[in-house]
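Comments concern the structure below.
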Amino acid sequence: MLTDRHGRTHRSLRISIVDKCDLRCAYCMPEDQHFLRREELMTRAEIGSIARLFVERYGVNKIRLTGGEPLVRPDAVDIVRDMAALPVNLGLTTNALTLHRHLDGLIDAGLRSLNVSLDTFDAERFRTITRRDGYDTVWSNIQAAHARGLRVKLNMVVMRGVNDDEILRFVELTRDLDMHVRFIEFMPFAGNHWGRERVYTYAEMLGHIGSVHSVEKLTDDPHSTAKAYRVPGWKGTFAVISTVTEPFCGTCDRLRITAEGRMRNCLFAREETDLLSALRRGEDIAPLVEANVLAKHAMLGGLPPFKPEKQEEVLHDLSERPMVAIGG
Ligand code: SAM
Ligand code: SF4
């Protein structure tokens with residue numbers, strides 16, 4: 001088991017398989033982002049051997065593949081197949097821009113659950129947020145994945161003055177579709193122009209939704225980062241993710257590996273452990289993994305709380321990595 005010095009046991013692993021992306025969301029990727037060279041990325045075999053260590057030795061039972069955009073990697077489907085062979089609950093997070101090319105392969109490889117980012121239902125606004133065209137393709141790919149029987153969760157990053165006016169439209173989706181929509185507070189990462197005033201809080205989200213619909217609280221998984229709800233009688237569900245205004249670090253069980261094989265024990269971590277170089281030198285990486293987990297901070301990777309009066313401190317202390325190079 002991987003237990004940290006605060007007594008939390010970690011069973012969930014996010015693996016970023018590539019840092020590149022075919023969209024350039026302003027809240028995630030800085031304009032001048034440089035990407036890793038191919039030889040710097042973990043190979044398929046290296047991803048497999050790191051994942052097996054976490055699963056077989058440490059009891060990790062949940063793996064999510066992410067990026068950057070995982071589907072820009074040519075062997076993404078093969079990696080999904082490798083992970084699906086492990087005794088884990090497997091998920092993939094994607095922007096769905098090229099999902100039509102990979103859907104059959106992913107299902108055949110054993111994928112059953114997909115998280116897709118979608119921040120707007122307006123094509124023009126999609127272009128502003130992602131700095132690329134693609135709304136129609138993304139939305140039709142989401143519908144196709146759902147129609148093929150995949151469990152689909154939609155992730156919407158809610159930003160004040162950008163897309164907060166679409167929250168009810170997203171909730172409306174759950175009337176007839178058994179999708180799960182997650183409203184995420186805008187989080188600070190390197191180069192993403194975060195400001196506390198741009199955070200539309202989870203309390204505001206719930207207040208806004210509750211002013212129009214009656215909502216029923218659902219039971220959350222003990223390690224869930226999300227607080228789940230449903231409009232009674234509707235097919236789908238929704239949740240709010242309150243990382244900024246009400247962090248859930250006390251029950252966090254997540255660990256992360258970046259595309260170049262560095263281990264991070266928190267989304268906001270400033271310390272990383274280079275597993276890949278050690279693996280390539282033929283060393284046992286288990287002691288590195290254990291030391292990394294043990295060092296996990298109690299909250300937010302050691303950052304101060306995201307209070308308005310702490311904003312300057314937060315921005316000063318952020319890790320140098322933008323979200324695109326961490327893997328959400
Ligand atoms: N490219 C894939 C995608 O967009 O789903 C996977 C990688 S992306 C980094 C993973 C998730 O992080 C997405 O759901 C995205 O919306 C979320 N994310 C990125 N930057 C964020 C931010 N500043 N605040 C909150 N969520 C963010
Ligand atoms: Fe790419 Fe996903 Fe980041 Fe958008 S959120 S830039 S799609 S990695």
Side-chain angles (χ1 to χ4, degrees), residues 11-18 22-23 44 47 51 55 60-67 69-121 126 134-156 169-184 216 218-221 223-226 228-241 327-328:
R11 292 217 167 75
S12 173
L13 184 66
R14 310 275 150 123
I15 305 176
S16 171
I17 62 173
V18 65
D22 43 9
L23 294 180
R44 174 184 170 190
I47 292 169
V55 173
V60 160
N61 56 17
K62 205 168 164 186
I63 290 182
R64 170 162 299 284
L65 298 176
T66 181
E69 172 46 45
L71 297 182
V72 304
R73 191 169 158 142
D75 54 0
V77 170
D78 298 322
I79 295 169
V80 167
R81 193 179 302 281
D82 295 344
M83 298 299 116
L86 298 173
V88 294
N89 175 343
L90 178 65
L92 177 88
T93 305
T94 175
N95 61 31
L97 190 64
T98 61
L99 188 57
H100 50 288
R101 286 193 230 139
H102 305 288
L103 193 53
D104 289 341
L106 289 169
I107 293 172
D108 180 65
L111 190 74
R112 298 291 171 263
S113 166
L114 205 60
N115 285 12
V116 184
S117 299
L118 184 71
D119 304 313
T120 178
F121 285 108
F126 183 95
Y135 169 76
D136 291 334
T137 311
V138 165
W139 180 233
S140 84
N141 285 347
I142 291 171
Q143 289 172 296
H146 182 257
R148 294 287 302 275
L150 288 177
R151 273 192 305 281
V152 177
K153 291 185 188 173
L154 290 189
N155 289 335
M156 178 201 194
R169 175 94 195 267
F170 275 82
V171 172
E172 191 62 39
L173 204 66
T174 67
R175 184 192 290 268
D176 297 318
L177 289 177
D178 59 346
M179 282 191 194
H180 181 64
V181 178
R182 308 195 311 166
F183 300 106
I184 307 176
E216 174 192 351
L218 304 174
T219 309
D220 298 316
D221 174 278
H223 298 292
S224 175
T225 55
Y229 297 83
R230 163 167 61 199
V231 177
W234 288 16
K235 282 200 174 154
T237 53
F238 69 90
V240 292
I241 301 190

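Values below: every heavy atom of this structure, side chains too, minus hydrogens, waters and symmetry copies.
With sequence neighbours excluded, the residues satisfying side chain to side chain contact (heavy atoms under 4.5 Å, CB included) with T174 are V171, V181, W234. Take D221 and apply the side chain to side chain contact (heavy atoms under 4.5 Å, CB included) test, not counting sequence neighbours, and it matches H223, S224. For S16, the side-chain hydrogen bond (donor to acceptor under 3.5 Å, both in side chains) test picks out no residue, with sequence neighbours left out. Considering only residues two or more places apart in sequence or on other chains, N141 meets the side-chain hydrogen bond (donor to acceptor under 3.5 Å, both in side chains) condition with H100. With sequence neighbours left out, the ring-ring contact (aromatic ring centres under 6.0 Å, His included) criterion links F170 to F121. Under the salt bridge (Lys or Arg N to Asp or Glu O under 4.0 Å) criterion, D220 pairs with K217, not counting sequence neighbours. For T237, the side-chain hydrogen bond (donor to acceptor under 3.5 Å, both in side chains) test picks out H180, with sequence neighbours left out. Judged as a side chain to side chain contact (heavy atoms under 4.5 Å, CB included), and not counting sequence neighbours, the contacts of P232 are S214, E216. With sequence neighbours excluded, the residues forming a salt bridge (Lys or Arg N to Asp or Glu O under 4.0 Å) with R73 are D75, listed by chain and number. In this structure, the side chain to side chain contact (heavy atoms under 4.5 Å, CB included) partners of K62, at least two apart in sequence or on a different chain, are S12, N89.
From F238, atom CZ reaches atom CZ of R230 across 11.0 Å, with rounding to the nearest 0.5 Å. To the nearest 0.5 angstrom, T66 atom OG1 is 10.5 Å from I15 atom CD1.
Formation of a donor-acceptor pair under 3.5 Å by the E69 side chain with backbone atoms of N95 is found in this model. Between the side chain of R14 and the main chain of G67, no donor-acceptor pair closer than 3.5 Å is present.
Here E172 pairs with R175 in a salt bridge; the nearest charged N to carboxylate O distance falls below 4.0 Å.
Judged as a salt bridge (charged side-chain N to carboxylate O under 4.0 Å, His left out), the pairs with a partner in residues 82-97 (not counting sequence neighbours) are, in order, R44-D82. Among residues at least two apart or in separate chains, salt bridge (charged side-chain N to carboxylate O under 4.0 Å, His left out) pairs with a member in residues 95-110 are R81-D108, D104-R148.
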